[in-house]
Amino acid sequence: MLSVEALEVAYGGIPALNGVALGVDRGEIVALLGNNGAGKTTTLKTISGLLRPLRGAIVLEGESLVGAPAHRIVLKGIAHVPEGRRIFNRLTVRENLMMGAYPRHDAAAIAGDLDRVLTLFPRLEERIGQVAGTLSGGEQQMLAIGRALMLSPRLLLLDEPSMGLAPVLVEQIFETIVDINRQGTTILLVEQNAAMALAIAHRGYVLETGTVVLAGTAAELSDNADVRRAYLGE
Amino acid sequence: MDFQLLVDIFPQVLLDGLILGFMYALIALGYTMVYGVLEFINFAHSEIFIVGAFAGVEILLGLKGAGWLDGLPWPLVLLLLLLAGMAVSGLLAVTVERIAYRPLRSAPRLIPLISAIGVSFFLQDLIRLVESIWRNAFNLVYPTLDALNLRFELTETIDVSVKSIVVIVAALGMLWVLHLLVNRTKIGTAIRAVAEDQAAASLMGIDVNRIISLTFFIGGVMGGAAGVLFGVQYGLINPYSGFIPGLKAFTAAVLGGIGNIPGAMLGGIVLGLLEAFAASYLSLLTGGAFGAEYKDIFAFSVLILILIFRPKGLLGEIVRERA
């Protein structure tokens, strides 16, 4: 579905990605693991058009995405939940969700997706008229994911959904991610919490200093000695 | 001190203050909306405002020259003026952003500010040049519409002109429409989303550049309408007469909390009232020691005081940093 090849990205001359290659098949959850600064967030930002690559290819179902601005890539059906959630604090929960459906004009289908999101996250329904800045961290993460789902995306990019959340909330969010995937959305997940990520992913890639050093199924990665030592805390 | 006189003139002063205040409010919106989206002070906005006044006077002089001015009903003429002023100022604001600000979007903050000051001077002298060639004069007088100068005497000391009512009604109408647009429509929500987080907005599929252009357009439209109302109310305009009202409207925007739309409205009205009351009451209350010419000193002193105690402005919020 999505294939990334030989992706090179730099911030003001300093290289961040040195030829990242990865693929995501329809219906999968693919985890992108690695330490801080390995290039996980940069990879997602480049796929969604927030960053422009120096070289390399990003192809979604046969269509190249390189060079397109972020607001056009959204139209291809890629929704990106950025690091740090980036919800609109001064907008209400409902307005945030409706912004997620901004490029769509099918009112009936949008209403259906709103119902679906509110069923997935009942907390958001309770807070629907509230200004988003007043939500708790967990609720804000739910809102960020719900907002992305309002696009009815083919591919969902999730950047650190567990960041700053209590363990019980992390578990809840990950269960929801599995639900979303079962309902037919393909997911590319960036996560510091490698154990959680590998528990729900089908496949994974390990990034180090801007290159993929390891790839495999979730089970293979969980059994790999290097992965266990470096990312699973053994 | 004649206490009765102070009471008698009160409604008149209130009315004058409101007229001035609504005018400041309309102009202040242009500053505050652009600041809200780009955190940038568009110093050319005072000229975008006065260009609206010039568009209006040109229509009026054109109608007068063609001999149609007395034949047309005055509300139609007024509507025509407003639409012309709004269109010209709105398009000018968009053009200025495209040419003078957008290429500098990623430059250090001081750079677009300098560019804005340059545009401000450029527009002043451009208006002067064009009007000098076209009319051989750049101090222009709004032809009077007789119906607008009708005055109703409410009491012996208070009267209201049709003009004043028109200015207030038009300004209120525009503020109301803007409120609906920003708070009740999808595009308005997108403007607020872009104001808060441009990158996140682009991830929603919002074309940030289009929203920024739209913001300049709306600010210009409001400024242009204010320009026409300014011309109709005060009569005499020249290419430089946008500067002081522009500066005051900017102050009003800061007073209300820059970036905050209801704040700009409130700040404008508060500043207008302060000025009108200072102009009428200072001399009466101080036995002539301080005349009406001290109105700006008084108004701005109050302003400084307010900002000392509320540095974010009357309605400015202290926005919590994102976690």
Side-chain angles (χ1 to χ4, degrees), chain A residues 12 44-45 47-51 68-92 94-105 107 110 131-138 140-141 143-144 147-148 150-151 153 156-157 159 163-165, chain B residues 32-33 35-39 102-103 105-108 179-215 256-264 312-313 315-323:
Chain A
L44 289 198
K45 280 183 167 176
I47 294 171
S48 65
L50 288 177
L51 294 173
H71 67 266
R72 294 218 177 281
I73 289 178
V74 172
L75 302 181
K76 313 287 181 204
I78 299 185
H80 180 175
V81 180
E83 191 178 13
R85 308 187 267 269
R86 308 282 285 266
I87 58 161
F88 302 113
N89 284 309
R90 283 176 290 201
L91 270 51
T92 64
R94 179 189 295 276
E95 285 172 335
N96 266 280
L97 291 173
M98 291 319 282
M99 280 297 100
Y102 183 82
R104 300 173 60 188
H105 300 286
I110 293 172
V131 174
T134 63
L135 299 183
S136 72
Q140 292 192 6
Q141 186 62 60
L143 180 57
R147 185 179 65 174
M150 289 300 291
L151 182 70
L156 183 62
L157 310 178
D159 199 343
M163 195 168 78
L165 299 185
Chain B
T32 227
M33 288 188 70
Y35 186 88
V37 172
L38 290 179
E39 297 195 4
R102 192 176 297 181
R105 187 85 52 78
S106 53
H179 165 77
L180 291 184
L181 177 79
V182 171
N183 293 308
R184 298 272 190 278
T185 67
K186 183 171 165 182
I187 200 84
T189 313
I191 291 176
R192 286 180 289 138
V194 168
E196 205 175 317
D197 189 335
Q198 289 187 18
S202 72
L203 288 180
M204 303 296 108
I206 297 170
D207 184 342
V208 171
N209 277 329
R210 267 187 57 195
I211 294 292
I212 288 172
S213 287
L214 179 71
T215 306
I258 188 98
N260 182 309
I261 290 175
K312 293 264 174 186
L315 298 187
E317 52 195 314
I318 291 134
V319 182
R320 208 154 41 96
E321 287 296 314
R322 255 186 302 273

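Proteins come first, then strands; the chains are lettered A, B, ... in the order of their sequence lines, and each starts at number 1. These numbers come from the heavy atoms of this one structure, side chains and all, not from hydrogens, waters or symmetry mates.
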Calculate, to the nearest 0.5 Å, the distance between atoms OG1 and CD1 belonging to B:Thr185 and B:Ile191 respectively. 7.0 Å

Rounded to the nearest 0.5 Å, how far apart are CZ of A:Arg90 and CD of B:Glu196? 4.5 Å

Please classify the contact of [X] with chain B as side chain, backbone, both or neither, using a heavy-atom distance under 4.5 Å.
X        : answer
A:Ala101 : backbone
A:Arg104 : backbone
A:Leu91  : both
A:Met98  : neither

Atom group of B:Ala201 that falls short of 4.5 Å from chain A, counting heavy atoms: both

Heavy-atom cut-off 4.5 Å, strictly under: side chain, backbone, both or neither for B:Asn209 against chain A? neither

Side-chain touch B:Arg210/A:His71, heavy atoms, less than 4.5 angstrom: no

For B:Arg102, does the CZ atom have more than 12 heavy-atom neighbours from other residues, nucleotides or ligands under 6.0 Å away? yes

Measure across A:Arg86 and B:Asp197 and return the closest heavy-atom pair with its distance rounded to 0.1 Å. NE-OD2, 2.6 Å

